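Just so you know, these numbers come straight off a predicted model, no measurement behind them. Here, residue 1 is the first one in the sequence, and each next residue gets the next number.
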Amino acid sequence: MKKMVAVVAVSLLGLAACSSTESTGSPAVPGEAKPAADDLLAKAPVADAAAILPGSTMEKIKKRGELLVGGSLDAPLLSQQNPVSGEVEGFDADMGKALAKYIIGEPKVKIVNSASETREALLSNGTVDVVFQTYTITPERAKQVAFAGPYYTSGLTIAVKKGATGIAKPEDLNGKKVIAGANTPAIPAIKKLAPQAEIITFGSDPECMQALKQDRGVAYVQDETLLIANAQKDPSIQVVGNPFTQDPYGIGLKHGDDQFKSFVNDWLKKTQSTGVWQQAWKNSIGTVVQGEAPAPPQIGSVPGS
């Protein structure tokens, strides 16, 4: 099975503390090399004028001139702000820019820094138009938000401090302190497979990594490729075992907006048929995970989608 990717959201103090950043897909430093994202966005499709229906969410976004995306700024390979250019880069970031181009004609995006605990509120109160933040589709969540997709599938695995022994599979976590991101799929997965584990939660991936290094837990359960990226940056951490879940990720939308959901699903199909989805994968996740881009998951294939 090909290795997949996801990431837990950035922690916030509250909705009022949300920060945002503009992202257009263009180099911020004069004379710097043209990034791969520019080539990808150049071939990204634009919706026919007839698809931007009067009074629709699509028309509102087009008139505003930018897409408001709930997302992350510190998610390796997915949505991470480049400290030099200021550009937000990665798979989710590129997909958000491609959707903006489809609606507006240009990849103009404002990313609102969101957390796993605040995504539903950001959508329901109109602070963001969409959420690209490896948002696992579940029937429970689908009662609060709508999901286009799934657009990606990922799997959980385990990280420990380098040299740790005795943990190779989820069942080995029984009776141990285990770290997980708040409101993430890791929590029910641990409870199911290691019911005697003591789960300790934190609001962001960096906080979870710090807790692991401080021995506040003996293991950290998170998406495999995120953990691989973390381990590449920090050799004191190692990933053990194989992924033990399959988690479908959807594009979060405001609940009840069936018109916009259908529009986004149509766009997602076009990104797949034109190769934009595959190129976004190669530019980001594919730099860590070997092999060709995986087949995208079938849209509407899971409960809640």
Least distance between heavy atoms, Glu117 atom then Gly203 atom: OE2-CA, 4.3 Å

How close do Pro296 and Gln278 get, heavy atom to heavy atom, and via which atoms? CG-NE2, 4.2 Å

For the CD atom of Gln80 and the CD atom of Glu87, what is their distance to the nearest 0.5 Å? 13.0 Å

Pairwise side-chain contact, Thr134 with Asp92, heavy-atom cut-off 4.5 Å (strictly under): yes

In terms of side-chain geometry, is the basic nitrogen of Asp215 or Lys177 positioned less than 4.0 Å from the acidic oxygen of its partner? no

Qualifying residue, where the test is salt bridge (charged side-chain N to carboxylate O under 4.0 Å, His left out) with Asp129 and the options are Lys62, Arg64, Lys254: Arg64

Lys/Arg N to Asp/Glu carboxylate O, Glu171 vs Lys169, below 4.0 Å: no

Would you indicate whether the side-chain heavy atoms of Gln210 and Phe202 approach each other to under 4.5 Å? no

Apply side chain to side chain contact (heavy atoms under 4.5 Å, CB included) to residues Val130 and Leu253 and explain how you reach the verdict. CA-CA 5 Å; Val130 298; Leu253 310 171; 3.5 Å; yes

Between Ser72 (side chain) and Asp74 (backbone), is there a donor-acceptor pair under 3.5 Å? no

Main chain of Ala180, side chain of Thr201: is a donor-acceptor contact present, judged purely on distance under 3.5 Å? no

I'd like to know if the side chain of Ser284 and the backbone of Ala280 have a donor-acceptor N/O pair within less than 3.5 Å. yes

Member of Tyr249, Trp277, Trp281 meeting the ring pair (Phe, Tyr, Trp, His ring centres under 6.0 Å) criterion with Phe91: Trp277

Student check: side-chain heavy atoms of Lys282 and Gln279 closer than 4.5 Å: yes

Atom CZ of Arg141 and atom CZ of Arg119: how far apart are they, to the nearest 0.5 Å? 5.0 Å

Within this structure, what is the OG-CG distance for the pair Ser124 and Leu122, rounded to the nearest 0.5 Å? 8.0 Å

Does Ser116 reach the side chain of Gln133, with side-chain heavy atoms less than 4.5 Å apart? no

Considering non-hydrogen atoms only, spot the tightest contact between Pro303 and Ile137 and give its length. O-CG2, 3.5 Å

Distance-minimising heavy-atom pair for Ala44 and Ala98: CB-CB, 4.3 Å

I'd like to know if the side chain of Asn125 and the backbone of Thr127 have a donor-acceptor N/O pair within less than 3.5 Å. yes

Sub-3.5 Å donor-acceptor pair from the side chain of Gln238 to the main-chain atoms of Ala231, do we have one? no

At what distance, to the nearest 0.5 angstrom, does CD1 of Ile158 lie from CD1 of Ile179? 12.5 Å

Should Ile251 and Tyr152 be counted in the same cluster of Ile, Leu, Val, Met, Phe, Trp and Tyr side chains packed under 4.5 Å apart? yes

Should we say atom NZ of Lys63 is surrounded by more than 12 heavy atoms from elsewhere, each under 6.0 Å from it? no

Heavy-atom side-chain proximity of Lys191 to Ile199 below 4.5 angstrom: yes

For a side chain to side chain donor-acceptor pair (under 3.5 Å) check, start with the C-alpha distance between Asp257 and Thr57, then their side-chain angles and the critical distance, and finish with the verdict. CA-CA 8 Å; Asp257 194 344; Thr57 300; 2.5 Å; yes

Hey, does the side chain of Lys101 reach the backbone of Leu41 with a donor-acceptor pair shorter than 3.5 angstrom? yes

Within residues 114-139 or reaching into it, pairs that qualify as ring pair (Phe, Tyr, Trp, His ring centres under 6.0 Å) - sequence neighbours excluded: Phe132-Tyr151, Tyr135-Phe147

In this structure, would Tyr220 and Ile187 fall into the same cluster of hydrophobic residues linked by side-chain contacts under 4.5 Å? no

If you group Ile, Leu, Val, Met, Phe, Trp and Tyr by side-chain heavy-atom gaps below 4.5 Å, do Leu227 and Val160 land in one group? no

Determine whether more than 12 heavy atoms belonging to other residues, nucleotides or ligands lie under 6.0 Å from atom NZ of Lys213. no

Please give me the minimum heavy-atom distance between Ile167 and Lys176, naming the atom from each residue. CD1-CD, 4.0 Å

Any side-chain heavy atom of Asp94 within less than 4.5 Å of one from Lys97? yes

The single option from Val69, Leu67, Leu123 passing side chain to side chain contact (heavy atoms under 4.5 Å, CB included) against Val128: Leu123

NZ of Lys192 to CZ of Phe244, rounded to nearest 0.5 Å, is 11.0 Å

With hydrophobic residues grouped by side-chain heavy-atom distances under 4.5 Å, do Val46 and Val276 end up in a single group? no

Do Leu73 and Val88 come close enough that some side-chain heavy atom pair is under 4.5 Å? yes

Is there a donor-acceptor pair closer than 3.5 Å between any side-chain N or O of Thr287 and the backbone N or O of Asn283? no

Between the main-chain N or O of Gly55 and the side-chain N or O of Glu59, is there a donor-acceptor pair closer than 3.5 Å? yes

Just by modelled atom types, is the Ala121 backbone N or O under 3.5 Å from a matching donor or acceptor in the Thr118 side chain? no

My understanding is that only one of Val239, Asp205, Ile237 makes a side chain to side chain contact (heavy atoms under 4.5 Å, CB included) with Asn230; could you say which? Asp205

In the single-linkage hydrophobic clustering (I, L, V, M, F, W, Y; side-chain heavy atoms under 4.5 Å), do Leu78 and Met209 co-cluster? yes

Value rounded to 0.5 Å, distance of CD1 in Ile190 from OG1 in Thr184: 7.5 Å

Quick one: does Asn174's side chain have a donor or acceptor within less than 3.5 Å of a partner on Gln196's backbone? yes

Could you pull out the closest heavy-atom pair between Pro248 and Gln246, with the gap in Å? CD-O, 3.7 Å

Determine whether Glu224 and Leu156 make a side-chain contact, defined as any pair of heavy atoms from C-beta on separated by less than 4.5 Å. no

Which pairs of donor and acceptor atoms, one on a side chain in residues 259-269, lie under 3.5 Å apart (sequence neighbours left out)?
unit_1: Lys261; atom_1: NZ; unit_2: Ser305; atom_2: O; d: 3.4
unit_1: Asn265; atom_1: OD1; unit_2: Gly149; atom_2: N; d: 2.8

